[in-house]
Amino acid sequence: MNKTSNKRAVIVGLFIFIGLLFLIAGILIVGNLRNTFKDKMKVVSLFDDVNGLQKGNNIWFSGVKIGTVFNLQFYGESQVKVILNIETSAQQYIRKDSKVKITSDGIIGKKILVIYGGTSKSNEVQEGDTLEVEKSFTSEDMINTLQENNKNILAITTDFKVISKKLVAGEGTIGKFLNDNSVYSNINAATISLQNASEKAQKLIGSLAAFSEGLNKKGTLANELTTDTIIFNSIKTTVLQLQSIADTAAVFIANLKQTASNPNSPIGVLLHDKESGARLKETIKNLESSSKKLDEDLEAAQHNFLLRGYFKKKAKSSNADK
Amino acid sequence: MDKSRLQHIINTDESVISIKGLYKSFEDLEVLKGIDFNLFKGENIAVLGKSGTGKSVLIKIIVGLLKPDEGEVYVLGQQVDKLNRKELDALRLRIGFSFQHSALYDSMNVYQNLAFPLTMNIKNLSKKEVNNAVDEVLDAVGLMDKLNQMPSDLSGGQKKRIGIARTLILKPEIMLYDEPTSGLDPITSTEVIALINEVQQQYNTSSIIITHDLTCAKNTGNRIAMMLDGQFLRIGKFEEVFDSNDEEVKGFFNYNFIQ
Amino acid sequence: MINNNTKKYIFSRGIDDYFTGVHKAYKFTSLFFKEVIKKPFHIREVINQCFEIGIRALPLITLTGFIVGIVFTKQSRPSLEDFGATSWLPSLIGIAIVRALGPLVTALICAGKVGSSIGAELGSMKVTEQIDAMEVSAINPFKYLVVTRVLATSITIPILALYCSCVGLFGSYINVHTEETSSIISFYQDAFSTISFLDIFTGVVKSIAYGLTIGLVGCYKGYNATQGTRGVGKAANQAVVLSMFLIFIEEVIIVQVSNWIRYF
Ligand SMILES: Nc1ncnc2c1ncn2[C@@H]1O[C@H](COP(=O)(O)OP(=O)(O)OP(=O)(O)O)[C@@H](O)[C@H]1O
Ligand SMILES: [Mg+2]
């Protein structure tokens with residue numbers, strides 16, 4: 001009698017034990033599985049640099065979590081293919097022309113993937129579609145590009161200087177000048193690269209604005225951000241100026257071409273020559289001062305709080321040399 | 001067990017404890033192997049037996065601390081192992097159980113030890129009533145001066161007597177003493193024996209007294225039960241039990257005298 | 001003989017005993033929940049036990065909570081300094097202490113101090129038959145000893161946990177004050193601005209669970225002590241080990257569950 005009740009106790013105990021085990025495992029697993037029960041679809045996106053994005057990071061659309069990063073794979077030479085796991089309930093809001101970018105959740109938070117934009121003209125995104133990536137600039141990229149850009153502008157300025165010197169020194173009329181193929185292609189190339197540079201700068205300003213906007217969010221350190229905003233605005237103005245100069249230069253070149261194609265008016269040509277020479281000089285002067293200003297702004301940016309990390313690294317390596 | 005070997009001497013109409021065919025074992029160890037006896041009203045039975053034969057187990061079954069494997073145990077007309085908690089508690093109020101090692105609550109002083117069963121069981125007692133009851137039982141065991149001492153400050157014999165006093169405070173009808181005189185000097189031992197008899201007279205109790213001590217058994221028991229190997233070997237008047245030629249009884253008898 | 005032995009156990013002696021123990025613990029726990037709602041309530045004894053437990057654990061909790069507050073703030077400072085965000089320290093520490101550290105530190109200390117003493121106390125009562133003595137005096141020892149103690153730990157430990165959180169925050173304030181000379185009012189304002197009602201609520205629920213665990217485990221081990229004086233030591237020791245183990249498991253589960261609540 002004693003023995004049978006003992007056996008029953010063992011069996012009941014065993015069942016309680018297993019039951020508890022399942023309960024605990026259930027609670028721990030269900031939390032993570034819960035999302036698996038929702039329907040998911042996969043979408044891909046190609047990045048040059050994922051900035052430390054990891055498997056399982058959240059995907060946001062209009063600030064709502066709609067999925068997670070499913071996987072990351074290297075693709076091509078150095079690109080990264082990111083596979084996004086998106087809840088189908090969000091499918092109708094995401095368009096084929098929606099874009100993807102990587103930002104972080106707060107200033108020291110985890111990386112998140114943000115899907116944004118998209119127009120109702122395009123269709124809903126479908127399983128396996130590729131979403132375009134808008135290049136997201138890190139502060140490093142930004143400074144590098146700005147400096148590179150500045151160098152370009154300086155080089156272009158030098159080109160213009162040479163050309164205008166020749167003009168002013170009266171080394172032949174504009175006709176002769178234009179007939180000299182090498183000089184012509186020179187000025188043409190200079191103009192084109194000037195335009196490119198300014199376009200690039202324009203793009204840069206766009207992302208710069210987005211970057212500073214993100215930082216300007218409530219809850220971050222507003223005090224230091226004010227200075228940031230000022231510097232960014234300053235950089236922005238300078239680049240805009242550069243752009244307008246580039247435009248002017250383009251118009252000027254076009255004018256030159258037109259005049260040159262009319263050989264029947266030598267006086268006009270001469271007049272034009274002198275005038276053109278002066279205008280060219282003016283343009284170059286503007287370019288010079290603009291690029292100088294841009295340099296100063298970049299210098300200021302170095303002392304800026306948010307970009308400090310980048311410059312600290314540089315300072316450290318130079319310290320190490322000492 | 002051969003029933004003919006049991007010799008019933010006292011015959012009364014009313015038995016307060018009645019046990020039939022009691023078996024009890026722990027895992028592999030068979031402790032009680034068929035106990036049958038009746039305790040009559042107003043009677044004291046002294047149970048003698050070797051250490052480890054299951055004497056303590058027997059009275060723990062009577063009071064419901066242990067459950068029997070087999071057999072019937074009737075106490076005051078109720079089958080102990082079939083009672084629910086409430087009925088069992090009501091029954092236990094009528095039984096006094098004095099533990100082998102006193103089992104005083106060592107976080108309470110003597111007064112609290114004695115008052116505890118009373119205040120926990122009878123609601124709305126005035127402080128005076130409690131004090132009176134405590135004084136009465138302390139007087140009965142002759143330890144009036146120890147009222148505010150802690151159990152750890154008492155001697156073994158004093159603890160035993162306080163333990164008995166604690167069971168008396170609820171005015172039980174049945175007293176179960178587990179080795180009341182073990183480890184006591186002869187003088188104290190005599191005092192405790194006197195106490196047991198006094199209790200029988202004063203409170204009109206029926207008792208089972210478990211002991212190794214022949215003097216105690218002789219002086220307290222109306223009947224003596226010899227317990228050996230989980231069974232009652234003999235039960236009857238002292239002389240009848242020990243007049244026996246039974247080797248085992250004789251062995252116990254001699255052993256006790258050498259001691 | 002060997003044949004007989006193999007028949008007797010379903011698995012082996014050790015495993016069988018383990019599951020019998022699980023069954024016993026389950027019965028013990030369910031008995032507690034049955035008895036706790038039944039009269040009589042022994043309210044005085046519950047209050048007594050609350051005081052006992054509170055006074056026993058208070059000095060150690062004060063000291064530990066204070067040190068945890070200071071050390072945790074000190075250690076968090078450098079990483080926040082890199083971002084120039086030391087002004088976040090109060091809210092960060094506030095969350096960490098109220099949500100996690102306060103209840104956990106309190107529970108672990110009480111498991112050590114209170115759990116072991118309950119285990120030892122009931123254990124010695126068991127082996128000296130004091131529990132049996134209560135039983136035969138028609139007092140339900142389970143109600144008088146176990147229910148009151150478990151109730152007392154479940155009431156006292158949440159209070160101690162809140163107290164520990166406050167002391168921890170004060171320790172944190174001392175550190176913040178010496179570095180930034182901010183006032184205590186602004187510190188507490190910062191700290192409490194991020195703490196939601198849910199944080200405090202889960203903190204309290206957690207502590208109640210810990211209190212139940214410490215009380216039940218201590219009583220169970222003490223109540224089932226065997227083997228004389230050695231059993232008492234074993235009961236006290238096992239009470240601490242088992243309750244700490246269970247506290248960690250509960251911590252994980254409660255965090256998981258409270259996260260469901262938090263985000264849905
Ligand atoms: N709760 C228990 N679990 C397991 N075995 C027990 C239990 N209680 C008693 N026993 C065993 O039962 C046997 C009888 O014990 P019991 O205490 O009744 O002896 P006793 O006759 O009272 O001896 P003593 O005169 O020394 O008190 C002993 O061998 C003891 O080991
Ligand atoms: Mg005994």
Side-chain angles (χ1 to χ4, degrees), chain B residues 26-28 56-57 59-66 75 80 83-108 112-123 151-152 159 162-170 172 174-176 178, chain C residues 1-2 4-9 13 16-17 20 27 31 34-35 38-45 48-49 51-53 56 117-118 120-149 222-223 225-229 232:
Chain B
F26 297 102
E27 317 244 318
D28 292 330
S56 299
V57 171
I59 57 168
K60 280 183 183 169
I61 288 174
I62 290 172
V63 83
L65 282 176
L66 294 173
V75 177
V80 177
L83 299 178
N84 64 28
R85 170 111 224 157
K86 230 176 168 176
E87 292 163 338
L88 190 60
D89 277 347
L91 180 65
R92 278 168 174 170
L93 283 176
R94 300 162 73 185
I95 308 173
F97 192 111
S98 148
F99 283 84
Q100 191 167 352
H101 304 286
S102 313
L104 297 180
Y105 308 122
D106 43 28
S107 58
M108 304 178 188
Q112 289 163 331
N113 257 288
L114 296 178
F116 186 65
L118 198 64
T119 51
M120 292 298 287
N121 282 303
I122 306 164
K123 299 287 158 215
S152 53
K159 279 189 204 167
I162 299 293
I164 293 170
R166 188 177 63 185
T167 62
L168 290 178
I169 205 157
L170 288 170
I174 300 171
M175 280 296 294
L176 306 170
D178 199 347
Chain C
M1 192 70 203
I2 294 162
N4 193 18
N5 264 353
T6 45
K7 253 188 187 169
K8 253 184 70 188
Y9 300 112
R13 198 200 159 102
D16 272 26
D17 281 355
T20 316
K27 282 211 302 204
L31 187 59
K34 263 182 235 156
E35 292 286 348
K38 271 196 223 152
K39 274 186 170 181
F41 293 120
H42 302 306
I43 290 166
R44 270 182 62 116
E45 180 64 11
N48 278 347
Q49 288 298 329
F51 271 110
E52 278 275 311
I53 292 163
R56 231 183 270 158
S117 74
I118 290 178
E121 193 183 4
L122 292 202
S124 76
M125 289 187 84
K126 169 76 182 186
V127 300
T128 59
E129 296 183 309
Q130 289 176 51
I131 291 181
D132 285 345
M134 265 185 205
E135 189 98 34
V136 297
S137 308
I139 299 158
N140 185 344
F142 193 91
K143 279 212 80 128
Y144 187 78
L145 298 172
V146 176
V147 173
T148 54
R149 277 168 177 74
Y223 210 74
T226 47
Q227 303 166 354
T229 333
V232 178

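Counting heavy-atom pairs closer than 4.5 Å to chain B, the top-ranked of the candidates Pro40(C), Ser124(C), Ser137(C) is Ser137(C). The choice from Asn121(B), Leu93(B), Val63(B), Ile169(B) that makes the most heavy-atom pairs within less than 4.5 Å of chain C is Asn121(B).
Side-chain contact between Phe99(B) and Val136(C): present, with at least one pair of heavy atoms (C-beta onward) separated by less than 4.5 Å.
For Lys60(B), the part sitting under 4.5 Å from any heavy atom of chain C is the side chain, from C-beta outward, and nothing else. In this structure, the portion of Leu104(B) lying under 4.5 Å from any heavy atom of chain C is its backbone and not its side chain.
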Inset, instruction - Assess whether side-chain contact (heavy atoms from CB on, under 4.5 Å) is satisfied between Ile139(C) and Phe116(B), documenting all intermediate values. - result: CA-CA 9 Å; Ile139(C) 299 158; Phe116(B) 186 65; 3.4 Å; yes
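Annotation for Lys123(B): atom NZ counts as buried by contact number, over 12 foreign heavy atoms lying within 6.0 Å. Heavy-atom contacts from other residues, nucleotides or ligands closer than 6.0 Å to CZ of Phe41(C) number more than 12.
Salt bridge absent: Arg85(B) and Glu35(C) never bring a charged side-chain N and a carboxylate O closer than 4.0 Å.
The minimum heavy-atom distance between Gln130(C) and Tyr105(B), with the atom names listed, is OE1-CA, 3.2 Å. Residues Ala133(C) and Arg166(B) approach most closely at CB-NH2, 3.4 Å, considering heavy atoms.
Put simply, CG on Asp178(B) and CD on Glu129(C) are 7.5 Å apart, with the number rounded to the nearest 0.5 Å.
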